Amino acid sequence: IVTRAAVDEKRRFLVTGDKDEKVRISRADNTRVIHSFCLGHTSFISAVVPIPSSDLLVSTAANGCVRLWRMTGECLAEVRIQGCISAAAGGKALV
């Protein structure tokens, strides 16, 4: 089940995130053609954001994991933010 979707600024790719922890990058003009998958999240995808003027995107998952990807599916960075958000909210988990 798709939880989030976005299109890059040049309208080349449709980026979707799902409940099965996958980010899928499909051709926007024919979504049956899969360009790549971004695999590695361990919780359902809560956001996908293509970064303008680049071949990069950011995804977040419900467990507070934020990942930076190339559109090829290569993970460039991972950060877990749940503790920071929880501490800033007075101990209440927001993610």
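Values below: every heavy atom of this structure, side chains too, minus hydrogens, waters and symmetry copies. Fair warning: this is a prediction, and the values are worked out from it, not measured in the lab. Along the sequence shown, residues carry numbers from 1.
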### Backbone of Ile45 reached by a side-chain donor or acceptor of Thr3 within 3.5 Å
yes
### Query
For Met71, does its backbone N or O pair with a side-chain atom of Ser36 as donor and acceptor, under 3.5 Å?
yes
### Message
Are Ile81 and Leu68 linked, directly or through intermediate hydrophobic residues, by side-chain heavy-atom contacts shorter than 4.5 Å (ILVMFWY only)?
### Response
yes
#### Entry: Taking every non-hydrogen atom, the tightest pair across Asp20 and Asp18
N-OD1, 2.8 Å
### Message
Checking Val23 against Val15 for the side chain to side chain contact (heavy atoms under 4.5 Å, CB included) test, could you report, in this order, the C-alpha distance in whole Å, the side-chain angles of both residues, the deciding distance, and whether it holds?
### Response
CA-CA 7 Å; Val23 175; Val15 180; 3.8 Å; yes
### Query
Is there a donor-acceptor pair under 3.5 Å between the side chain of Thr31 and the backbone N or O of Ala28?
no
### Query
Taking atom types as modelled and ignoring hydrogens, do the side chains of His41 and Ser59 form a donor-acceptor contact shorter than 3.5 angstrom?
yes
### Query
If you take all heavy atoms of Cys38 and Leu57, which pair is closest and at what distance?
SG-CD2, 4.5 Å
### Message
Is it true that Glu21 and Thr42 share a donor-acceptor pair across their side chains at a distance under 3.5 Å?
### Response
no
### Task
Measure the spacing between CH2 of Trp69 and CG of Asp55 and express it to the nearest 0.5 Å.
14.0 Å
### Query
How far does CZ of Arg70 sit from OG1 of Thr72, to the nearest 0.5 angstrom?
6.5 Å
### Message
I'd like to know if Asp8 pairs up with Lys10 as an ion pair, taking the criterion as any Lys NZ or Arg NE/NH1/NH2 lying under 4.0 Å from an Asp or Glu carboxylate oxygen.
### Response
no
### Task
For Arg67, check side chain to side chain donor-acceptor pair (under 3.5 Å) against everything at least two apart and list the hits.
Glu78
### Task
To the nearest 0.5 angstrom, please state how far the CZ atom of Phe44 sits from the NZ atom of Lys22.
14.5 Å
### CA sep, side-chain torsions, deciding dist, call: Val58, Val66, side chain to side chain contact (heavy atoms under 4.5 Å, CB included)
CA-CA 7 Å; Val58 173; Val66 178; 3.8 Å; yes
### Query
So Val49 and Ile51, side chain to side chain contact (heavy atoms under 4.5 Å, CB included) or not? Walk me through it.
CA-CA 6 Å; Val49 181; Ile51 299 174; 5.5 Å; no
## Note on the structure
So NE2 of His35 and CG of Leu14: to nearest 0.5 Å the spacing works out to 12.5 Å
### Query
When you look at Arg80 and Asn63, which way does the side chain to side chain contact (heavy atoms under 4.5 Å, CB included) test go after all the steps?
CA-CA 8 Å; Arg80 296 199 182 268; Asn63 63 357; 3.4 Å; yes
### Message
Within the 3.5 Å criterion, strictly below it, is a donor on Ser46 or Thr60 matched to an acceptor on the partner's side chain?
### Response
yes
### Rounded distance (nearest 0.5 Å) linking atom CD1 of Ile34 with atom CZ of Phe13
13.0 Å
